[in-house]
Undergrad: 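Have a look at this one.
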There are 2 protein chains.
Amino acid sequence: MSITIKDVARVANVAPSTVSRVIANSPRISDRTKEKVREAMKDLGYHPNFNARSLANKTTKTLGVIMPNSANKTFQNPFFPEVIRGISSKAHQLEYGLYLSTGQTEVEIFQEVQDMVQGRRVDGIILLYSRVNDKVMAYLNEQDFPFTVIGRPSDETNREITYVNNDNYKAAKTVTEYLLLLGHKRIAFIGGNLDFVVTVDHMEGYKTALINTGIEPREDYIVFHEELQEGGQEAVIDLMSLSERPTAMIVADDIMTFGVMRMLSEMEISVPNDISIISFNNVMISELSHPPMTTVDINIFGLGYEAANCLIEKIIHPEIEPKHVIIPHKMIKRQTCQRVSK
Amino acid sequence: MSITIKDVARVANVAPSTVSRVIANSPRISDRTKEKVREAMKDLGYHPNFNARSLANKTTKTLGVIMPNSANKTFQNPFFPEVIRGISSKAHQLEYGLYLSTGQTEVEIFQEVQDMVQGRRVDGIILLYSRVNDKVMAYLNEQDFPFTVIGRPSDETNREITYVNNDNYKAAKTVTEYLLLLGHKRIAFIGGNLDFVVTVDHMEGYKTALINTGIEPREDYIVFHEELQEGGQEAVIDLMSLSERPTAMIVADDIMTFGVMRMLSEMEISVPNDISIISFNNVMISELSHPPMTTVDINIFGLGYEAANCLIEKIIHPEIEPKHVIIPHKMIKRQTCQRVSK
DNA sequence: TTGAAAGCGCTAACAG
DNA sequence: CTGTTAGCGCTTTCAA
């Protein structure tokens, strides 16, 4: 079989425990011995057995990453590679590995999380989504297992949970105000799945901005859709069938905006001449739409990076207070918004 | 600490080994005992410790997934979530977990792979890319460690390696022929990074189709670019600066096509009236471009699914012959190609 | 500064 | 059909 610590010990003429100490770079080992052992390790091409290590010191140096149910197309959103890139970046720095959930349904995912936690397969968990009343989150919380969520817990009272989020309420509010300042009065809102906290936050921000300006939010201007591209297209049909068409739309997600714009183009409604659009995320391709879209950059990479950072901190110092990190967003003006014509 | 197999054994009044056998659902245990043990497990909320298990039976039930260097933006390509979805799907079925590489550079990744392999962190590895003369692939091969690659090894002599691929040569050839049949004579080729085998295959197919029709491939019609969106844009500048502009382009990747079309639109060159475009992959958003793009569906999900399938097969039966699976592709005609006007 | 020995939680002969 | 025992490869007291 492969080379073990004993082989190294034999070659270096020391005890296995000494080798172990050299691996951990213990200060209580003489430099001469360290040299000798390291040479033996190199000569033999030794790599520590990961499972033995984890078993002995009860730590895996790996982070569990839980995706939302990958069954539907939401998953193809470039959002995911980008958060993962952020997470990877920090994890790699601190020498943590990444273990991915594979479940397709909520039940499967819950089962997986349980196994990860109880089976000590990971040291901590990052939730890539925040759903209203999420079972997984509740479970992790009650188990007192280190975890962070990207987004935020739905019930605000729960300050115990560490999360990394954008100020989605504020972002949506600003965006609405911007449209208002451009003279738009009939602004529609196309949200994602209402089970996700981000959707709720967006909507609140949108409504508040309207109300502050004395405009009563109209229910028929507010639609939600699960599916990214089909959703965007359906939303457009609904909205454009209204007798009083909106002159501007706020869309939950850039990818959805692609769907929206596609449908608008089929209806020969011109953006931004006939209707203005602004959305969220600023994924890579957002600037490649036709016309390039105005959107809110939420720093996806940063969300992932900070989530990993907070989680590892929590793993190392379980006693520290839960943190709530807000990643700044930034409006990126491109060419889908215009002063209302009339 | 947590509940161990011993606790279960005590409660169920059996030996730990019996519990172990129940977990493995050994046929040599009486149904009555199984019931008893399972009840005890449920009562105690027992979950097997993953590392102990792996250590004892030398198998981790996890697959390593190696991404190309995630440093650059290539990574935001929706291709990745989609292959991973495919891999996940099969892996989850067969109760395998996924362990992700986090390295940003080739050196880091190579280091990681070594650790995974020698540290017995995973049972097998899936390479998400196939680079010409790849060190990782060579290493895995010489270590005789189970792995599959998505794409194919660059040197065709090496039939030892299991891979899952599309017939990229054929696809590119067909696509070129299609353009030829539409009357195009000046067809450009915008490829990806020439280090990737897929790029070479595409180019060969393209050239062959031209030559078969008696058209000599022109070097100035063939360009390569690393970066997805910038690359697409630069390519267009180069090509459109030529005195004899091409009337059609074959683009390596849908996302790149977004960049291409963006630039074309800025130059007020109309697709497909002035120029036809056809590309590869058919990611989710491909149908949302303006106009919707004609592209080759390569069944990304299928690539991932089959790769996981082959890998697990190889893990379970190391002696079986290496396999070479070709996932069928399919041209999806949308609105970026048109009979040449004149 | 180093070695001996026990143990992490599980599996796998080998007995019976 | 089930129990006993000896590891898997590492870390970590405890002694020296």
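Computed from a predicted model, the values in this text were never measured in an experiment. Lettering follows sequence order; numbering is per chain, from 1.
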Undergrad: Specify the separation, in whole Å, of atom NZ of A/K6 and atom C1' of D/dG9.
TA: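 In whole Å, D/dG9 C1' and A/K6 NZ are 8 Å from each other.
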
Undergrad: Atom CZ of B/R53 and atom P of C/dA12: how far apart are they, to the nearest Å?
TA: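 Nearest whole value for this atom pair: 9 Å.
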
Undergrad: Partners of B/Q93 by side-chain hydrogen bond (donor to acceptor under 3.5 Å, both in side chains), sequence neighbours excluded?
TA: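 Per chain and number, B/Q93 pairs via side-chain hydrogen bond (donor to acceptor under 3.5 Å, both in side chains) with B/K90, B/Y305.
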
Undergrad: Between A/H47 (NE2) and D/dC10 (P), how many Å, whole number?
TA: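 Atom-to-atom, A/H47 to D/dC10, this comes out as 12 Å.
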
Undergrad: Could you state the CD1-C1' distance from B/I3 to C/dC10, rounded to the nearest angstrom?
TA: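 Taking CD1 of B/I3 and C1' of C/dC10, I get 16 Å after rounding.
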
Undergrad: With a 4.0 Å cut-off on heavy atoms, is B/Y46 in touch with a base, just the backbone sugar-phosphate, or nothing at all?
TA: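 Here B/Y46 touches the backbone only, sparing every base.
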
Undergrad: Checking B/E112 now: which residues fulfil salt bridge (charged side-chain N to carboxylate O under 4.0 Å, His left out) with it, not counting sequence neighbours?
TA: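 Checked B/E112 against salt bridge (charged side-chain N to carboxylate O under 4.0 Å, His left out); zero matches.
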
Undergrad: What heavy-atom pair brings A/G304 and A/I87 nearest, and what distance separates the two atoms?
TA: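 Result for this residue pair: O-CG1, 3.4 Å.
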
Undergrad: Quick one: which residue pairs count as a salt bridge (charged side-chain N to carboxylate O under 4.0 Å, His left out) with a foot in residues 306-327 of chain A, not counting sequence neighbours?
TA: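 Applying salt bridge (charged side-chain N to carboxylate O under 4.0 Å, His left out) to every pair that reaches into residues 306-327 of chain A, excluding sequence neighbours, yields A/E313-A/K323.
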
Undergrad: Whether the side chain of A/Q118 engages the backbone of A/Q114 through a donor-acceptor N/O pair (distance < 3.5 Å, no angle test) should be reported.
TA: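 Checked: no pair found.
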
Undergrad: Heavy-atom nearest nucleotide on DNA chain C for B/R21 versus B/A52: which residue maps closer to 5'?
TA: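 Closer to the 5' end of DNA chain C: B/A52.
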
Undergrad: Return each pair, listed once, that meets ring pair (Phe, Tyr, Trp, His ring centres under 6.0 Å) where at least one residue sits in residues 8-57 of chain B; pairs must be two or more places apart or across chains.
TA: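 Pairs touching residues 8-57 of chain B that pass the test: none.
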
Undergrad: Find the distance A/N57:CG to D/dT13:P and express it as a whole number of Å.
TA: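 Distance check: A/N57 CG to D/dT13 P gives 11 Å.
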
Undergrad: Which atom pairs, one a donor and one an acceptor, fall under 3.5 Å between side chains of residues 17-25 of chain A and the rest of the protein, sequence neighbours left out?
TA:
from  : atom 1 : to    : atom 2 : distance (Å)
A/N25 : OD1    : A/K34 : NZ     : 2.9
A/N25 : OD1    : A/R38 : NH2    : 3.3

Undergrad: Taking the minimum atom-to-atom distance to the side chain of B/A15, which one of C/dG9, D/dC10, D/dT4 wins?
TA: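 From the listed options, D/dT4 comes nearest.
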
Undergrad: Under 4.0 Å: is that the gap between some side-chain N or O of A/K58 and OP1 or OP2 of C/dG9?
TA: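 It does, given that an N or O in the side chain of A/K58 lies less than 4.0 Å from OP1 or OP2 of C/dG9.
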
Undergrad: Could you check whether A/V14 gets within reach of a base, just the sugar-phosphate, or nothing at all, counting any heavy atom under 4.0 Å?
TA: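 The residue A/V14 makes sugar-phosphate contact but no base contact.
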
Undergrad: When you match A/L55 and B/P16 each to their closest nucleotide on DNA chain D, which lands nearer the 5' end?
TA: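 Its nearest nucleotide lies further toward 5', so the answer is B/P16.
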
Undergrad: With respect to the phosphate group of D/dT11, does any side-chain polar atom (N or O) of A/S20 fall under 4.0 Å of OP1 or OP2?
TA: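 Indeed, a polar side-chain atom of A/S20 lies that close.
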
Undergrad: Would you say a side-chain N or O of A/S17 is under 4.0 Å from OP1 or OP2 of C/dT2?
TA: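 No.
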
Undergrad: To the nearest Å, how far apart are B/I5 CD1 and D/dG3 C1'?
TA: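 In whole Å, D/dG3 C1' lies 13 Å from B/I5 CD1.
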
Undergrad: Is there a residue in residues 23-37 of chain A whose heavy atoms reach under 4.0 Å of DNA chain C, and which residues are they?
TA: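 Within this stretch, A/R28, A/I29, A/S30, A/T33 sit under 4.0 Å of the strand.
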
Undergrad: Would you kindly give the CZ-to-P distance between A/R10 and D/dG9, to the nearest whole Å?
TA: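 Distance, rounded to whole Å: 12 Å.
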
